[in-house]
Amino acid sequence: MDDLTVSAWEAAYLRFEAPEEEIRKFIARLHRLGAKEWPHDSRIVELFCGRGNGLNALTRLGFKNLEAVDLSPRLLAQYKGPATCYVADCRHLPFGDASKDIVIVQGGLHHLPVLPDDLEQTLAEIQRVLRVDGRVIFVEPWRTPFLVLAHLASDNPLLRRLSNKLDGLAIMIEHERPTYERWLSMPPVITALAHYYFLPVHESFSWGKWSFVGTPRPPVVIPKQNPG
């Protein structure tokens, strides 16, 4: 998305969900996905962090060793918390091998422009930077019955006039439709790649979301052929 599209999308997101509402949602979600069991000194990275409300949620949960990556300097500039943020491409992470305990992605993978190639690159990078006993957390849109119903409602002009949330959702979908629809059309490919790079600890598909927690699988090493 270009800057104008991002600005329109961000304005729609603010209509869909206020920052404080989003932070409370993230706190509840992280609790469900095991955050209560994570040591508070865990080295945590959030990818596609945007304006940083996921980081604000982690800070409120007591985590202090926080870093984040996003491609947009404009969005990162909106974050005012203590985490160290990097303007970088999640397909080429600016971290050393086996240097992080937890990597979190909440609603970023479906923005990748080229599937499955960009997804595979991103997952391989996450696998690379995680410690052997690390954790990855993904939460992304998924075509469940609830999401189908939400799409039908947001396509209804009368309901959009009655609900800022539905109108915001519709505008967001309009601005990200190519990547969003491509993502929703490839569930077997997405889950197969996630399972290739990570051993699932938890996986669920409900309320329009795919929630995944996994540990990194050892990378596959192809032996070198001796010259004949």
What is the minimum heavy-atom distance between [X] and [Y], and which atoms define it?
{"X": "Ser42", "Y": "Pro39", "value": "OG-O, 2.7 Å"}
{"X": "Lys209", "Y": "Thr144", "value": "N-CG2, 4.5 Å"}
{"X": "Arg182", "Y": "Pro113", "value": "NH1-O, 2.8 Å"}
{"X": "Val69", "Y": "Cys90", "value": "CG1-SG, 3.8 Å"}
{"X": "Tyr86", "Y": "Leu76", "value": "O-CD1, 3.5 Å"}
{"X": "Gln106", "Y": "Gly54", "value": "NE2-CA, 4.4 Å"}

For this session: Take the angle between the ring planes of Phe138 and Phe212 and call it parallel below 30°, perpendicular above 60°, tilted in between.
Result: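 Aromatic pair Phe138/Phe212 classed parallel.
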
Problem set entry | Mutual orientation of the aromatic rings belonging to Trp38 and Phe63 [parallel < 30°, tilted 30-60°, perpendicular > 60°] |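 Rings of Trp38 and Phe63: tilted, as their planes differ by 30° to 60°.
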
Measure the [atom1]-[atom2] distance between [X] and [Y] for me, rounded to the nearest 0.5 Å.
{"X": "Leu158", "Y": "Leu166", "atom1": "CG", "atom2": "CG", "result": "10.5 Å"}
{"X": "Asp101", "Y": "Arg43", "atom1": "CG", "atom2": "CZ", "result": "4.5 Å"}
{"X": "Glu22", "Y": "Arg29", "atom1": "CD", "atom2": "CZ", "result": "8.5 Å"}
{"X": "Ile173", "Y": "Ser154", "atom1": "CD1", "atom2": "OG", "result": "4.5 Å"}
{"X": "Arg143", "Y": "Ser185", "atom1": "CZ", "atom2": "OG", "result": "7.5 Å"}
{"X": "Leu199", "Y": "Thr215", "atom1": "CG", "atom2": "OG1", "result": "4.5 Å"}

For this session: Check the pair Glu120, Arg91 against salt bridge (Lys or Arg N to Asp or Glu O under 4.0 Å), reporting the backbone distance first and the verdict last.
Result: CA-CA 9 Å; Glu120 183 160 17; Arg91 294 166 293 190; over 6 Å; no

With side chains defined as the heavy atoms from C-beta onward, is the minimum distance between [X] and [Y] less than 4.5 Å?
{"X": "Ile104", "Y": "Ile44", "value": "yes"}
{"X": "Asp117", "Y": "Leu112", "value": "no"}
{"X": "Arg135", "Y": "Val213", "value": "yes"}
{"X": "Leu58", "Y": "Ile27", "value": "no"}
{"X": "His40", "Y": "Lys64", "value": "no"}
{"X": "Trp142", "Y": "Thr191", "value": "yes"}
{"X": "Leu71", "Y": "Asp89", "value": "yes"}
{"X": "Phe146", "Y": "Ser206", "value": "no"}

For this session: Before giving the answer on side-chain contact (heavy atoms from CB on, under 4.5 Å), spell out for Glu125 and Thr122 the whole-Å C-alpha distance, their side-chain angles and the decisive distance to 0.1 Å.
Result: CA-CA 5 Å; Glu125 277 290 88; Thr122 302; 5.8 Å; no

Exercise. Do Ser204 and His202 meet the criterion of a side-chain donor-acceptor pair at a distance under 3.5 Å?
Worked result: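 Yes, because at least one side-chain N or O of Ser204 sits under 3.5 Å from a partner of the opposite role on His202.
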
Exercise. Using a distance-only test with no angle check, is there a side-chain donor-acceptor pair under 3.5 angstrom linking Asn56 and Asn53?
Worked result: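 Checked: Asn56/Asn53 side chains pair up, N/O donor to acceptor below 3.5 Å.
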
Problem set entry | For His151, ring pair (Phe, Tyr, Trp, His ring centres under 6.0 Å) partners two or more places apart |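 Ring pair (Phe, Tyr, Trp, His ring centres under 6.0 Å) list for His151, sorted by chain: Tyr180.
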
Same apolar cluster: [X] and [Y], side chain cutoff 4.5 Å:
{"X": "Ile126", "Y": "Trp210", "answer": "yes"}
{"X": "Val103", "Y": "Phe48", "answer": "yes"}
{"X": "Leu193", "Y": "Val136", "answer": "yes"}
{"X": "Val87", "Y": "Leu55", "answer": "no"}
{"X": "Val148", "Y": "Phe205", "answer": "no"}

Exercise. Heavy-atom count around Glu20 CD within 6.0 Å, excluding the residue itself: above 12?
Worked result: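 Buried by this count: over 12 neighbours within 6.0 Å.
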
Exercise. Is the number of heavy atoms from other residues, nucleotides or ligands under 6.0 Å of Tyr196 OH greater than 12?
Worked result: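 At most 12 heavy atoms, drawn from other residues, nucleotides or ligands, come within 6.0 Å of this atom.
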
If only atom types and distance count, is the side chain of [X] paired as donor or acceptor with the main-chain N or O of [Y] below 3.5 Å?
{"X": "Asp118", "Y": "Val114", "result": "yes"}
{"X": "Glu140", "Y": "Leu109", "result": "yes"}
{"X": "Glu203", "Y": "Ser211", "result": "no"}
{"X": "Asp70", "Y": "Gly50", "result": "yes"}
{"X": "Ser163", "Y": "Arg160", "result": "no"}
{"X": "Trp183", "Y": "Pro141", "result": "yes"}
{"X": "Arg128", "Y": "Phe95", "result": "yes"}

For this session: Just do the side-chain contact (heavy atoms from CB on, under 4.5 Å) check on Leu33 and Val139 with the steps written out, would you?
Result: CA-CA 10 Å; Leu33 297 178; Val139 182; 3.8 Å; yes

Under 4.0 Å between a side-chain nitrogen and a carboxylate oxygen: does that hold for [X] and [Y]?
{"X": "Arg24", "Y": "Glu21", "value": "no"}
{"X": "Lys100", "Y": "Glu67", "value": "yes"}
{"X": "Arg32", "Y": "Glu37", "value": "no"}

Exercise. Step by step, would you call Gln127 with Phe198 a side-chain contact (heavy atoms from CB on, under 4.5 Å)?
Worked result: CA-CA 7 Å; Gln127 180 196 53; Phe198 306 101; 4.1 Å; yes

For this session: Start with the C-alpha distance between Ile102 and Val45, add both sets of side-chain angles, then the distance that settles side-chain contact (heavy atoms from CB on, under 4.5 Å), and finish with yes or no.
Result: CA-CA 6 Å; Ile102 299 165; Val45 177; over 6 Å; no

